[in-house]
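One structure below.
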2 protein chains.
Amino acid sequence: MPRGNSVTIREVARRAGVSIATVSYVLNESAPISEETRARVLAAAAELGYRPSALARGLRARQSHTIGYSWHHVPRDRWHPILDPFLYSIAQAAEAEGYHILTFAQPADGDPWRPYQELMLTGRVDGFILSETNRDDPRIRYLLDHNFPFVAFGRANEEWDFPYVDVDNAAGTRMAVEHLTALGHWRIAVIAWPEDSLTGSYRLQGYLEGMAAAGLSVDPEWIVRTEHSEAAGRQAMQALLALPPDRRPTAVVTMSDLMAIGAMNALYEAGLQPGRDVSIVGFDDVPMAQYLRPPLTTLRQPIAEVGAKVVEMLLRLIRGEPLPERRVLLMPRLIVRESSGPHPSSGG
Amino acid sequence: MPRGNSVTIREVARRAGVSIATVSYVLNESAPISEETRARVLAAAAELGYRPSALARGLRARQSHTIGYSWHHVPRDRWHPILDPFLYSIAQAAEAEGYHILTFAQPADGDPWRPYQELMLTGRVDGFILSETNRDDPRIRYLLDHNFPFVAFGRANEEWDFPYVDVDNAAGTRMAVEHLTALGHWRIAVIAWPEDSLTGSYRLQGYLEGMAAAGLSVDPEWIVRTEHSEAAGRQAMQALLALPPDRRPTAVVTMSDLMAIGAMNALYEAGLQPGRDVSIVGFDDVPMAQYLRPPLTTLRQPIAEVGAKVVEMLLRLIRGEPLPERRVLLMPRLIVRESSGPHPSSGG
DNA sequence: GGGCATAACTGAAACGTTTCAATTCCTGGG
DNA sequence: CCCAGGAATTGAAACGTTTCAGTTATGCCC
C-alpha cells in the first residue's frame with residue numbers, strides 16, 4: 001500500500017549525479033551553483049516529481065510552517081458571523097507564503113490555553129491566530145508569558161501589549177447613530193451586550209459618542225444590556241416598546257444581526273413595521289441580513305482584510321522581522337437597507 | 001527569543017538516569033520496563049514538562065498525525081449550512097485520537113486536486129476528508145488513483161468504490177412530502193437544483209418517491225430546476241404562483257433553506273402568507289430558520305454524527321484496520337415549524 | 001555449577017532534510 | 001611554475017524521535 005509516493009532528495013541527487021547538499025542548495029537557492037548543475041538538478045527533481053518532506057525540513061529547521069487557529073463551538077441556535085470567511089481568508093493568505101492552518105477545537109471545559117500549550121510544545125505550529133478574545137484572555141496571557149508568536153483578531157486588556165487587528169467597533173456604532181440622526185431620529189436606543197464583553201463595550205461606546213456628537217441626550221432606559229441571542233433581542237425590544245410614548249425610541253442600534261432579528265420579530269408581534277415605525281440597525285451583515293423582511297441595515301466587517309493583515313503580521317513575527325504596526329484597526333462599513341427609514345413623524 | 005521551550009527526550013533520559021530508548025519505551029508503552037524505572041522516567045518527564053516533538057516523531061514514523069480538509073469559498077450572499085459545525089465536529093473527533101486537522105483553501109481556479117497532491121507528497125497529512133463532492137469529482141479520482149486514504153462527506157459517481165458518509169437526502173425530501181400530504185396537501189411542487197447536482201438529484205428523487213408513495217401524480221410544471229440562491233428560489237416561486245389556480249401548488253418542497261427563504265419572500269410579495277396560503281419546507285435547518293417569519297419547517301442534517309463517523313472511518317483506513325462499512329447513510333430529521341400548515345381549504 | 005531462557009535495558013541506525021566545514025578545481029598574479 | 005583565492009561542490013553532522021539488535025543481569029533447570 002504505497003501511501004503518497006516518497007521520492008527523497010537522495011534519489012534526486014543520484015539521478016542528477018550530484019550530492020544531496022547540492023540538490024538542497026539548488027532547490028532553496030541558498031548557495032551559488034553553476035547554471036548547468038542547477039538545470040540538471042531541477043530536471044531530475046521535476047522528472048521524479050520530488051517534493052521535500054515537510055516533516056524532515058521542519059525537524060531540521062525547527063519550524064513547522066504551520067499556524068494554529070482554534071475553532072469555537074457555536075450553539076445550534078446561533079451562528080458565528082465571521083468564523084467561516086475568516087478561516088478562508090487566513091488559509092489563503094497563509095498558503096501564499098507556504099504556511100498552512102492547523103485548526104483545533106477549543107474544548108468547552110478546562111484551561112483555555114491547554115491546547116495552545118500542547119501545540120507549542122510538540123512543535124506543531126510556529127504561531128497562533130486568536131479570535132474571540134476577551135478582556136483578560138488566559139490564552140493571550142499564556143502566549144505572552146511564553147513569548148510565543150501570535151496575533152489576535154480582537155483586543156483584550158488595555159495594559160497588555162500584544163499585536164492585534166480589530167474592527168473599529170466604536171466607529172461602527174457611531175456611523176449607525178449618525179445614519180439614524182440624519183434620518184431624523186433623536187430617540188435612539190441601544191440593545192447592548194453584558195459588561196464583560198469587550199467588543200460590546202466598544203460598540204456601546206460608539207453609540208454614546210454618536211449621540212453626544214449629535215447633541216442628543218441619552219435616556220438611561222434606552223440602554224438595554226442583554227446576552228447575544230434572538231430571544232434576548234426580542235425581549236429587549238419589548239422592554240423598549242413598554243416605555244411611555246414620549247420616551248419610546250423610534251430607532252434602535254443593536255450589537256449584532258441576531259439581536260436585530262429578535263428586535264424586528266418583537267416589532268412584528270406588537271403590530272409594528274420595522275423600518276417604518278421603528279428603525280433597526282444590526283452589526284455583522286450576516287448573509288441572511290439582506291433577505292430579511294425588511295432587509296437589514298447593518299455594519300459589515302472587513303473580514304477578508306482582517307485575515308490578510310493578521311497573517312501578514314504573524315509571519316513577520318515568526319520570521320523575526322520588525323512589525324511596523326502592532327495595533328491595527330480596520331473600519332466597518334455601513335450597509336443601508338430598508339430596516340432603517342425616516343422618523344415616523346416625517347412620513348405622515 | 002526562546003519560542004516554545006524545547007526539552008528533548010535526551011534531557012529526560014539524563015535526568016532519569018536511563019537511555020533515551022528507555023524513555024521512549026516508557027512513554028509509548030512499547031516495551032516492558034520495570035515499574036521502578038518507569039516511575040523515574042515519568043517523573044523526570046513531568047518535571048521537565050517534556051512533550052515529544054511531533055516533527056521528529058512524524059519523520060521517524062512516517063506519519064504526521066494530521067488530516068487534511070479543504071475549506072471552500074462561499075460567496076457573501078450565501079452561506080454554507082454545514083462547514084462550520086462540520087469542521088468543529090471533525091476537529092474534536094480527530095483530537096480525541098491524537099490527530100489534528102489541517103485546513104487548506106480550495107483555490108477557485110486550477111486543478112482541484114493540486115492542493116491535495118502537494119499535501120500528500122510533502123507528507124503533511126496522513127489522509128483527507130472531503131466534502132462538497134460532485135459526481136465525477138477529480139479529487140476523488142486523484143486520491144483513488146494514488147491509493148491515498150480519504151473519506152468523503154457526500155457521494156459521487158456510483159461506479160467509484162470509495163468510503164463515504166452521506167445524509168440520506170432522498171429520505172429527507174420523502175419525509176417532507178409525507179408531512180405535507182398528512183397536512184392535506186396534494187398539489188405539491190419542488191424547487192430543485194440543476195441536473196449536475198448529485199445531492200440535488202437525491203433530494204428530487206425523494207420528492208418523486210414521496211409523491212408516488214402517496215399515490216399523487218406530479219404535474220411536470222411543479223418541478224422547477226434552478227440554482228442555489230435566494231433570488232432563484234424567489235423566481236421559482238413566482239413561476240409556480242403564475243400557474244392556473246387549479247394547478248397551482250399549495251405546498252412546496254425546496255432543496256435548501258436559502259431557496260425556501262426566497263420562496264417565502266415571493267409569497268409575501270404576492271400578498272400571500274407562507275404556512276397558511278402556501279406551505280414551504282426547507283432543507284438544512286440553518287440557525288436562522290427558526291427565527292424567520294414564520295419559522296421554517298426544514299430538514300436537519302446530523303452534521304456532528306457525520307463528522308464523528310467520517311473521522312472514525314478515516315482513522316481506520318490510516319491505521320490499516322478493516323472498514324466494517326464503506327458506505328454510510330445517516331438520516332436527516334424533519335423539524336416542523338410554522339411555514340408548513342394544513343391545506344388552505346381545510347382551514348376555511 | 002554450567003548453560004540457557006527471560007527480563008530489563010542500551011547503543012546506534014534510520015527517518016529526510018539543511019548547513020557547516022572541508023575539499024576540489026580553476027584562474028590569475030607574481 | 002607555484003601559490004593564493006575564489007567558485008563550485010561534497011561529506012558528514014545535526015534536528016529529535018523510534019526501534020532493531022545487542023548486551024547485561026537474573027533466575028531456573030538439570
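Per chain, numbering begins at 1; letters A, B, ... match sequence-line order.
- Between the C1' atom of C/dT10 and the CZ atom of B/R14 lies a distance of 17 Å, rounded to the nearest Å.
- Using a 4.0 Å cut-off between charged side-chain N and carboxylate O, A/D137 and A/R141 make no salt bridge.
- A donor and an acceptor atom, one from each side chain of A/R62 and B/S6, are nowhere located under 3.5 Å apart.
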For a quick test of your reading: what N or O donor-acceptor pairs under 3.5 Å do the side chains of residues 41-53 of chain B make, sequence neighbours left out?
from  : atom 1 : to     : atom 2 : distance (Å)
B/E47 : OE1    : B/R15  : NH1    : 2.0
B/R51 : NH1    : A/E118 : OE1    : 3.0
B/R51 : NH1    : A/E118 : OE2    : 2.5
B/S53 : OG     : B/L55  : N      : 3.2
B/S53 : OG     : B/A56  : N      : 3.0

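- Across all strands, B/I33 comes closer than 4.0 Å only to sugar-phosphate atoms, never to a base (heavy-atom distances).
- Between A/F128 and A/Y69, the gap from one ring centroid to the other reaches at least 6.0 Å.
- If you check residues 22-31 of chain B against DNA chain D, the residues with a heavy atom closer than 4.0 Å are B/S24, B/Y25, B/N28, listed by number.
- Protein chain B touches strand DNA chain D; the 5'-most and 3'-most nucleotides with an atom under 4.0 angstrom of its non-hydrogen atoms are D/dG16 to D/dC20.
- A/W79 pairs by the ring-ring contact (aromatic ring centres under 6.0 Å, His included) definition with nothing, not counting sequence neighbours.
- Classified by interplanar angle (parallel below 30°, tilted 30° to 60°, perpendicular above 60°), the ring pair B/Y142/B/W113 is parallel.
- Mapping A/R38 and B/R10 onto DNA chain D via the closest heavy atom, the residue that lands nearer the 5' end is A/R38.
- Looking at heavy-atom distances under 4.0 Å, B/A21 makes contact with a base.
- A distance below 6.0 Å separates the ring centres of A/F162 and A/Y164.
- The distance from atom CG of B/L27 to atom OG1 of B/T22, rounded to the nearest 0.5 Å, is 11.5 Å.
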**Study point:** Steps toward side-chain hydrogen bond (donor to acceptor under 3.5 Å, both in side chains) verdict (B/T66, A/R124)
**Key:** CA-CA 10 Å; B/T66 304; A/R124 270 178 172 282; 3.2 Å; yes
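- Not counting sequence neighbours, the partners of B/R114 by the side-chain contact (heavy atoms from CB on, under 4.5 Å) test are B/D111, B/Q117.
- For B/A61 and B/S34, each mapped to the nucleotide of DNA chain C holding its nearest heavy atom, the one lying further toward the 5' end belongs to B/S34.
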Taking Watson-Crick and G-U wobble contacts under 3.5 angstrom, with | marking pairs to another strand and [ ] crossing pairs, the secondary structure of DNA chain D is written ||||||||||||||||||||||||||||||
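- Counted by atom type alone, B/S70 and B/Y116 present one or more donor-acceptor pairs between their side chains at under 3.5 Å.
- The residue B/I20 sits close to a base: some heavy atom pair falls under 4.0 Å.
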